[in-house]
Amino acid sequence: MPEGHSVRRLARQFGDVFTGRQLSVSSPQGRFSAGAALLDGHTLLAAEAHGKHLFLHFDNALVLHVHLGLYGAWSFGGDSTFAGSSSIGAPRRVGEEETFAEADEDGYDDGGNAYAGPPPPVGAVRVRLASSNGWADLRGATTCETVTLAETDGILARLGPDPLVNRRGDAGRFAANLQSRKTPVAALLMDQKIIAGVGNVYRAEVLFRRRLDPWLPGGDLTDGEARKLWRDVVSVMNDGVADGRIITTTPRYWSGNGKRTTPAAALSAMKSGTFPARDNAHFVYKRDGLPCRVCGTTVLIAELVGRKLYWCPYCQQS
DNA sequence: GTCTCATGGACAT
DNA sequence: TGTCCCTGAGACG
């Protein structure tokens, strides 16, 4: 699924195109008809994200709560206010950029200017939001429900601190969450009660970046290590929000073969404004069997609580 | 066409 | 720890 950075981008996009607008809310697929009816005709007040959860607040004190899960995705289309909007969510290839709307297929008439209304829904559209300026379709989400404000608070209360919110005291809360557990730190990073928004890509990558042994019990991290880990998650996830991609390698690794280059070459890569090729965007994620970019040791893979974990056994020793 | 896999999580056991 | 649900794309035949 899109990790927390994608959901944050989604919230921003909903805010940009739909805030203050009256929305028609429907469930072309039919599975969300009752929930959609509660929101239909109401105005969107705000869109917010916490971790991987998206909350759309309507003017009747009800909230559309969406969790994309592994397969969920939103697609958008509409007039010029939608020009920068993109489809966000799975399924896409890992590391692939978001796909941007093409005007011809998104409700423009043949003249290319006036918005002619949403196209007929294609496939299993769980919910469609439509305003006078455009539309958004949701497919395949794990959770799509209409909830009250109290229920929203309940959902938020079950989530740990979000690195993309990064309130004062969150680093300490995260450190305390880690240090009270004997579970491997790699499992704790995926636990949304410990930290909200980290998924399988970020967890593997930040553990490598901090050179932490994924199997180290959370309680074995020092407070300083835990806080540095938090700060690195904050940093890479904010980059993800800006880039619309998960890029965890530094420019020194962006050249052709993904091996470390000279500082001059890295500077040149940064100045040229290029992004790494998909193959060079990560240190260890999905690189099992390949040599570590830093030390050359073969990157390993293992199953941990049902998800695949990638790490370098040399760089990440405890 | 069929199979497998994927950035997740709830629930049962 | 295992099972199930959700959807679509790519590999394979």
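Atom set for the values below is all heavy atoms of this structure, side chains included, hydrogens, waters and symmetry mates excluded. Chain A is the first sequence line, chain B the second, and so forth, proteins listed ahead of strands; every chain is numbered from 1. Bear in mind the structure is a predicted one, so any value in this text is a computation, not a measurement.
We find that CD of Gln192(A) is positioned 8 Å from P of dG8(B), with the value rounded to whole Å. Protein atom CG of Asp137(A) is 17 Å distant from nucleotide atom C1' of dC6(C), rounded to whole Å. Rounded to whole Å, the distance from CG on Leu304(A) to P on dG8(B) is 13 Å. If you measure from atom CG of Leu68(A) to atom C1' of dG8(C), you get 14 Å, rounded to the nearest angstrom. The OH-P distance, from Tyr285(A) to dC5(B), rounds to 13 Å in whole Å. Between Glu3(A) atom CD and dG9(B) atom C1' there is a gap of 14 Å when expressed in whole angstrom units. Distance CD1 (Ile301(A)) to C1' (dC5(B)): 12 Å, rounded to an integer number of Å. Taking atom NZ on Lys193(A) and atom C1' on dG8(B), their separation rounds to 13 Å, with Å as the unit.
Counting only heavy atoms from C-beta on, Lys308(A) has its side chain closest to dA6(B) among dG8(B), dC6(C), dA6(B). Relative to the side chain of Lys286(A), the nucleotides dC6(C), dA6(B), dG8(B) differ in distance, and dA6(B) lies closest. For Gln29(A), whose side chain is taken as the heavy atoms from C-beta onward, the closest listed nucleotide among dG9(B), dT7(C), dC5(B) is dT7(C). The side chain of Tyr71(A) sits closest to dC6(C) out of dC6(C), dC5(B), dG9(B).
Annotation: Arg260(A), atom CZ; neighbour count of heavy atoms from other residues, nucleotides and ligands within 6.0 Å does not exceed 12.
A cation-pi arrangement is not found for Arg287(A) relative to Tyr285(A), the charged atom failing to lie both closer than 6.0 Å to the ring centre and inside a 45° cone about the ring normal.
Residue Glu303(A) is out of contact with every strand shown, counting any heavy-atom pair closer than 4.0 Å. At the heavy-atom level, Arg203(A) lies nowhere under 4.0 Å from the strands shown.
Distance check, rounded to the nearest 0.5 Å: OG1 of Thr43(A) to CD of Gln22(A) gives 5.5 Å.
Between Arg31(A) and dC6(C) there is a side-chain N or O to OP1 or OP2 distance below 4.0 Å. Dashed line: the shortest gap from a side-chain N or O of His67(A) to OP1 or OP2 of dG9(B) is under 4.0 Å.
The pair Arg210(A)-Asp232(A) fails the salt-bridge criterion, with no side-chain N (NZ, NE, NH1 or NH2) lying under 4.0 Å from an Asp/Glu carboxylate O.
Between Phe55(A) and Phe14(A), the distance separating the two ring centers is not shorter than 6.0 angstrom.
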